[in-house]
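Right, one structure below, let's go through it.
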Number of protein chains: 2
Amino acid sequence: MRRFAADRARRAVAASLRGTAASSSRSAAPSPLAPAPRHPASPVGAAAMAAAMARVMSTAAAGTPAVSLDTINPKVLKCEYAVRGEIVTHAQNLQQELQKNPDSLPFDEILYCNIGNPQSLGQQPVTYFREVLSLCDHPALLDKSETHALYSSDAIDRAWQILDKIPGRATGAYSHSQGIKGLRDEIAAGIAARDGFHASGDNIFLTDGASPAVHMMMQLLIRSEKDGILCPIPQYPLYSASIALHGGSLVCSLTTLLCYSLLHVESDQSHLNLQFSEILHVPYFLDEETGWGLEVDELKKQLEEARSKGITVRALVVINPGNPTGQVLAEENQKKIVEFCKNEGLVLLADEVYQENIYVEDKQFHSFKKIARSLGYTDDDLPLVSFQSVSKGYYGECGKRGGYMEITGFSPEVREQIYKVASVNLCSNVSGQILASLVMNPPKAGDESFESFMVERDGILSSLARRAKALEEAFNSLEGITCNKAEGAMYLFPRLHLPQKAIGAAQAAGTAPDAYYAKRLLEATGIVVVPGSGFGQVPGTWHIRCTILPQEDKIPAIISRFKEFHEKFMDEFRD
Amino acid sequence: MRRFAADRARRAVAASLRGTAASSSRSAAPSPLAPAPRHPASPVGAAAMAAAMARVMSTAAAGTPAVSLDTINPKVLKCEYAVRGEIVTHAQNLQQELQKNPDSLPFDEILYCNIGNPQSLGQQPVTYFREVLSLCDHPALLDKSETHALYSSDAIDRAWQILDKIPGRATGAYSHSQGIKGLRDEIAAGIAARDGFHASGDNIFLTDGASPAVHMMMQLLIRSEKDGILCPIPQYPLYSASIALHGGSLVCSLTTLLCYSLLHVESDQSHLNLQFSEILHVPYFLDEETGWGLEVDELKKQLEEARSKGITVRALVVINPGNPTGQVLAEENQKKIVEFCKNEGLVLLADEVYQENIYVEDKQFHSFKKIARSLGYTDDDLPLVSFQSVSKGYYGECGKRGGYMEITGFSPEVREQIYKVASVNLCSNVSGQILASLVMNPPKAGDESFESFMVERDGILSSLARRAKALEEAFNSLEGITCNKAEGAMYLFPRLHLPQKAIGAAQAAGTAPDAYYAKRLLEATGIVVVPGSGFGQVPGTWHIRCTILPQEDKIPAIISRFKEFHEKFMDEFRD
């Protein structure tokens, strides 16, 4: 059914691009960018439009469904999000099968290594954070003496402080659309302490996780398919999905076209043809050979190529530490990126949600704002957005949907437009707002909870570092797999050097080779990973993204299940 | 500054409509709908595009801002949201003034009657709900004996039940993108008990309040400015804002054009001209004379008019109980609406967030799904979406951002597309999900908390009914004000029969007369209301929307402040 629907979706997009429906995204003059032989321009004038409308009206009258794949917004059809895509649906089905009949499969649980969702795999929440949230959810507790038997005294103090920042102490009221002012100020103080440069609560927009903040910026910047966003390849597919939903588009070179087509898990010939005409962003390639380094020369090349095709590139997305690649950018590299954005007039969209996830001694997190300020650049020099989330770090509170963006370098008029978009959704959830303020201002030395907090925090981070290392070594020990070091974030992105026979088998099954591998892995072991084609990769290379999040006591078993599967797979397909 | 920004925003939209930027929303052939003399079609071919691009590139190189009102998405510029608009910003500034210098203004507090935000005005949260949330936020409490001293035993039981529905009891994990399955099933059971017809958890999408659900449906349905959504006038401006953001548009008759222009608070001549060309929806007028009745003849008229202009009308929005008008639709009326949608092939978008806010004996809430099923219509007959929120009802938990939509009558392929859009944002916040399950399945007779719960619930609802009545009577007692009964929801929408002299003064000040009145009211009394022009109204009529939410003990003082202001205003302007 899902496969069928995906096929229908593709046909519907293809049809809409061929102009069988009145579409807003066409000009009657053929665009210099459209590959003419594939999509001959057809006049969409008054007559054609009236005919299309008449057709739609008669359809409605005839009682066919009011909404079908042929009549929904084609931008929705185009959008893909592999992290929760086909492989995950398959895993959910297997899980249901396991529940019904525990002996039906060669494993007894599904291990979701597809998504950075630490608590789903057993990571415990930080006690102090949850104490404060629990008290703020039920402030009546603060007046009762019995509360001291259940909560640490600094959590009680903190809950009071937070309530005092909320007008009327009303945790159930809509807040200011940017978030509660006192909490924003606290976050700004946390940023200033981290960076050593001034930050203002007026520049903070609290959001339900980082994703809505990313959508808000895409909505602001993208006017049409002639606007491009420079994205890394491989990239976290939130960016390509958001750009698709907001109608951004286009691309430059055949290499990039090929690269983009590989973003899609299923790629039969018609699908590839389709992708050629609807490239959604301006990707730049991270260099696997240098540990997924970000080369500014590569950025320039892609930017110039895009501009020569008439694309207005609006912004550069940088994910640091990297997702799915786990690299931590060097300070020198970051400086070059800032200079590049300044010189080229690009908005720098800095995804910094993994800022606390660094596992190597020789690397440190530097925010792009700190880098820009240390270069002497002010608000007047470049617009910069930093995204942060309560879902990552050592806290991993994905279900709480807390996060913020710090925006600097935008004019008051443009900020007001961002505020307006935020206000249409009223505000982000107040518990998430509170949690965002806690992660940016955790317990300090001398607080009652400080020691136990540090034990929990360091326990999680050091365990993540050990898990990253163990998995990386395991991948590198296997025939035909090479894996860069996870310096940060929550993922490994090993490269699969697949035998030609395996590639042939994948083609025969109508899937990309890495999607084929991931499906076989799931069916043999219950381990869910995301095929590299969901993130993009250099043409002809194949990867999987695997989180480092299963609990540490399970890692040895996972490694041995993985090894066993991989050896069998290679035995089956070795050329 | 704000005024200045609004002017600049208008000029930027006007410029983009005149075609000074390469825009996706133009076809080279003049549209039959565009008022040609105002917007002469200009060829947007390859050469023009290349020139535009070269301009943008040279601009960037010259170091002008990368983002300005002239270069952001014009859909963002077009969107307006009066509920948090100019008057509220003015109120926030006055509040800051009051904090600095408490004697500087003729009142000592700002009373926010602009928005349905009960807890901001002192309404207390329902204890049982907050107990459960507090326990779920810190599940470690459930293992401690001291917890029984602080929480009711059924709240503890309920927290256990909820945790058992969450995979791994992980309240900090991303959930299924539709929301936690067990909670959706519980909500479905609540819907079935309410309606007497089957409901399925598979049809529930849990969302961060109702707004993101509305956006999701608009995103799905609107392909271009040729797609229209049939909206009530007056309407809650979330709908017009969401349609604008998603690029829907267009309109039919001069009446409607005029009506739409009045949706905008500020309306100098250039602004009106602008609005003429970018009407964002297909409004239908509620009939004030019959207590804001919804006439199906009016719906048909607007639908046919829209279709004759080439608009594909995709859906009908009905808000019941009404916002801002407070009417509760009669069952017979609802039946006709369902028949209308079925016959015309429209999606019925039913905003039912005020389903528990009914203040009159002779009216009852009936969901549109119940009406459709009682007419014998099934999933095959019409697509229907019901929006519900934890922000309204007696619970008023706006800050928790919980809500859901129940979708029925969509094909599996289309549902999958809705799921995909939901999955790009991962999931809604888990506390909001839990709260949504609680409001749809509150304590039952026999539960320990039942009696105290009912006292809180009925106390809030009966107080709201008394407040609605007191304010309605007060409005109707004043010269030049008539006010329909608030049968439900949280608002009164009194009509201001303003003297000609007052209208002249408003024109001289460059604002709509109701906006002028609201501003004067705020400056004299600290009471914040929204001008009717923020919701739309029949041309030549003027209204304000005022919530019934100030606490009951404050109502007499509010009424006397309001009366005093109004009498002085009439003395100043009486013709």
Could you tell me which portion of [X] (side chain, backbone, both or neither) has an atom closer than 4.5 angstrom to a non-hydrogen atom of chain B?
X	answer
A:Val76	both
A:Gln92	side chain
A:Asn425	both
A:Arg169	neither
A:Pro167	neither

Residue among [options] with most heavy-atom pairs under 4.5 Å to chain B:
options	value
A:Asp381, A:Val430, A:Ile166	A:Val430
A:Cys398, A:Gly396, A:Ser391	A:Cys398
A:Gln433, A:Lys144, A:Lys420, A:His215	A:Lys420
A:Ser428, A:Gly168, A:Ala315	A:Ser428

Grab the two heavy atoms, one from [X] and one from [Y], that are nearest each other, plus how far apart they are.
X	Y	answer
B:Arg314	A:Thr71	NH1-O, 2.5 Å
B:Asn117	A:Ala173	OD1-CA, 3.2 Å
A:Tyr174	B:Gly116	CE1-O, 3.6 Å
B:Pro139	A:Arg130	CD-NH1, 4.2 Å

Sort [X] into side chain, backbone, both or neither according to what part of it lies under 4.5 angstrom from a heavy atom of chain A.
X	answer
B:Pro125	neither
B:Pro118	neither
B:Gln124	neither

> Do you know which of B:Leu346, B:Leu245, B:Leu238 has the most heavy-atom pairs under 4.5 Å to chain A?
Replying inline: B:Leu245
>> Please rank B:Thr171, B:Leu221, B:Ile418, B:Leu382 by heavy-atom pairs under 4.5 Å with chain A and give me the top one.
In response: B:Thr171
[X] versus [Y]: any side-chain heavy-atom pair under 4.5 Å?
X	Y	result
A:Asn429	B:Lys400	no
A:Ser134	B:Leu135	no
A:Leu150	B:Leu141	yes
A:His138	B:Asp137	no
B:Arg223	A:Ile72	no
A:Gln417	B:Asn73	no
A:Ile115	B:Leu426	yes
B:Cys79	A:Val424	yes

If I take atom [atom1] from residue [X] and atom [atom2] from residue [Y], how far apart are they, to the nearest 0.5 angstrom?
X	Y	atom1	atom2	answer
A:His246	B:His246	NE2	NE2	6.0 Å
B:Lys75	A:Leu220	NZ	CG	13.0 Å
A:Leu133	B:Cys136	CG	SG	12.5 Å
A:Thr147	B:Glu146	OG1	CD	11.5 Å

> Will you find, in the side chains of A:Arg401 and B:Ser431, an N or O donor that is under 3.5 Å from an N or O acceptor?
Replying inline: no
> What residues, two or more places apart in sequence or in another chain, satisfy ring-ring contact (aromatic ring centres under 6.0 Å, His included) together with A:Phe410?
Replying inline: none
> Looking at residues at least two apart in the chain, or sitting in another chain, which of them share a ring-ring contact (aromatic ring centres under 6.0 Å, His included) with A:Phe129?
Replying inline: A:Phe453
